[in-house]
Amino acid sequence: VYAASDLQRAGRPVTVTRMPLHPEWVEPVRTMLPRWSSELNRVDSPHVDAFRDLLMVDTPTDHSLAIVRAPEQTPDLSASLGRPMALHRVLHIVRGLLSALEALHAAHPALSSGPLDRARVGVDASGRVRVFEVADLERYSASPPHRFGEPPELRAGVWRPARDVHRVAALAVCLLSGRAAAHLTDPRGSWDWERHTELQPQLADLFSRWLVRDPDLRPQTAMEARRELDAATQEHGVAVPLGVVTDRDVALRCVAEDRDPDTTPIAAVMTSPVLCVSESTPIEEALRRMAAIPARRLAVTDEAGQLAGIL
């Protein structure tokens, strides 16, 4: 399907993974494949890195889905295993993932994020959260992998958005604890993460509710989950930086676009997400991050993730 000349014209290497399909899913996947490919290409989100191509491969012995990907330059979160992540960084990642879910769930048909683990999520030099693989294609595989921390209902049955909210919460508690999901569940498969983290009660309750087995008890949409997170962080003093506004932002995004400053919300002109550094970050490292974006300002946070100053 892909000749050497195709790859030369593309200007970058690609990988092609062949996934044998379960017999009962062959025809449904064949029917939905054009719509999936079309919707993935239309998803407009800086947080989503969709597949480059999806193809059916039929042989006399089996039927497979060929998944074409371009190598990802953004580092994933694998290095965080064994290293608990600061609360403000985890909340930044959660917000980015929920933003990605809003774009995916708005597609027709709605698209799933698929499994969310350290290898499938990354943060680039500008602080933007990226999801590397979406659409949950592995559930159609002839031998779908078992993933610790995901209840059985995520591996079978009809998908709905509340399932992806569970995945976001599962990754969040793994990052907060520095542990793998397999080490945060008891022998019965129930979550046992609270004793490995120190969270304010309102956030602990929030993630516990997102992780319940019954999907009817979770937020039913990513937008609903984001509103709950905003309420929990704003009402209880978890002041996580959301954006930065300067006179340049006002000039370019308000005045230059002939917007009314009396009615334009601050969120429409702010620069977001905010790239944060901790108070203990070496100056050389802060300069490197500013040059990589490029950016003129960095938010400085204390150990609790509260805004301490601007650099």
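Nothing here was measured: the structure is a model prediction, and the numbers come from that model.
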CG-CD distance between Leu97 and Glu102, expressed to the nearest 0.5 angstrom: 11.5 Å
Take Val29 and Met19 through the test side chain to side chain contact (heavy atoms under 4.5 Å, CB included) and record every step on the way to the result. CA-CA 12 Å; Val29 168; Met19 184 182 75; over 6 Å; no
Test side chain to side chain contact (heavy atoms under 4.5 Å, CB included) applied to Val90 and Leu203, Leu176, Val173, Leu171, the passing residue: Leu176
Closest heavy-atom contact between Arg130 and Asp124? NH1-OD2, 4.3 Å
Do you know which two heavy atoms are closest between Glu257 and Leu252, and how far apart they sit? CG-O, 3.7 Å
Provide the full list of ring pair (Phe, Tyr, Trp, His ring centres under 6.0 Å) pairs with a residue in residues 204-225, sequence neighbours left out, each pair given once. Phe207-Trp210
Is Glu224 salt-bridged to Arg227, cutoff N-O under 4.0 Å? no
Heavy-atom pair of closest approach, residues Ala162 and Pro219: CB-O, 3.5 Å
Any idea which heavy atoms bring Phe132 and Pro75 closest together, and the distance? CZ-O, 4.3 Å
With no hydrogens and no angle check, is any side-chain donor or acceptor of Ser99 less than 3.5 Å from a backbone partner on Arg95? no
Within 6.0 angstrom of Glu284 CD, more than 12 heavy atoms from elsewhere: no
Is a side-chain donor or acceptor of Gln220 paired with a backbone partner of Arg218 at a separation under 3.5 angstrom? yes
Determine whether Leu137 and Met56 fall in the same hydrophobic cluster, where Ile, Leu, Val, Met, Phe, Trp and Tyr are linked whenever their side-chain heavy atoms lie under 4.5 Å apart. yes
Among the clusters formed by ILVMFWY side chains lying less than 4.5 Å apart, do Met32 and Ile67 turn up in the same one? yes
Find the distance between CZ (Arg128) and NE2 (His92) and round it off to the nearest 0.5 Å. 9.5 Å
Drop me the distance from Leu65's CG to Tyr140's OH, to the nearest 0.5 angstrom. 10.5 Å
CA sep, side-chain torsions, deciding dist, call: Thr246, Asp249, side-chain hydrogen bond (donor to acceptor under 3.5 Å, both in side chains): CA-CA 5 Å; Thr246 66; Asp249 294 319; 3.3 Å; yes
Does the pair Leu77 and Ile93 meet the rule for a side chain to side chain contact (heavy atoms under 4.5 Å, CB included), with working shown? CA-CA 10 Å; Leu77 301 178; Ile93 291 171; 4.1 Å; yes
Beyond-backbone contact of Val134 with Leu111, side-chain heavy atoms, under 4.5 angstrom: no
Ignoring hydrogens, what is the shortest heavy-atom contact between Ser113 and Asp164? Give both atom names and the distance. N-OD2, 3.1 Å
Can you classify the ring geometry of Trp191 versus His166 as parallel (below 30°), tilted (30 to 60°) or perpendicular (above 60°)? tilted
Name of the residue among Arg120, Arg167, Arg160 meeting salt bridge (charged side-chain N to carboxylate O under 4.0 Å, His left out) with Asp136: Arg167
Passing candidate, side chain to side chain contact (heavy atoms under 4.5 Å, CB included) with Cys174, options His183, Arg118, Arg179, His196: Arg118
Any chance you could lay out the side-chain hydrogen bond (donor to acceptor under 3.5 Å, both in side chains) test for Ser112 and Arg139, step after step, and finish with the verdict? CA-CA 11 Å; Ser112 170; Arg139 69 190 301 248; over 6 Å; no
Treat each ILVMFWY residue as a node, draw an edge where side-chain heavy atoms are under 4.5 Å apart, and state whether Val131 and Met223 are in one component. no
Taking atom CZ of Arg89 as the centre, report whether more than 12 heavy atoms of other residues, nucleotides or ligands fall under 6.0 Å from it. no
Side chain to side chain contact (heavy atoms under 4.5 Å, CB included) filter on Ser37, not counting sequence neighbours, yields Leu33, Leu54
Does any N or O in the side chain of Glu39 come within less than 3.5 Å of the main-chain N or O of Ala106, such that one atom is a donor and the other an acceptor? no
Say you draw a straight line from CE of Met270 to CZ of Arg253; how long is it, rounded to the nearest 0.5 Å? 9.5 Å
How many angstroms lie between CG in Leu40 and CZ in Arg42, if you round to the nearest 0.5 Å? 11.0 Å
Please enumerate all residues that pass side chain to side chain contact (heavy atoms under 4.5 Å, CB included) together with Asp62, with sequence neighbours excluded. Arg18, Pro20, Thr59, Ser64
To the nearest 0.5 Å, how far apart are CG in Leu98 and CG in Asp230? 9.0 Å
Considering non-hydrogen atoms only, spot the tightest contact between Val48 and Ala100 and give its length. CG2-CB, 3.7 Å
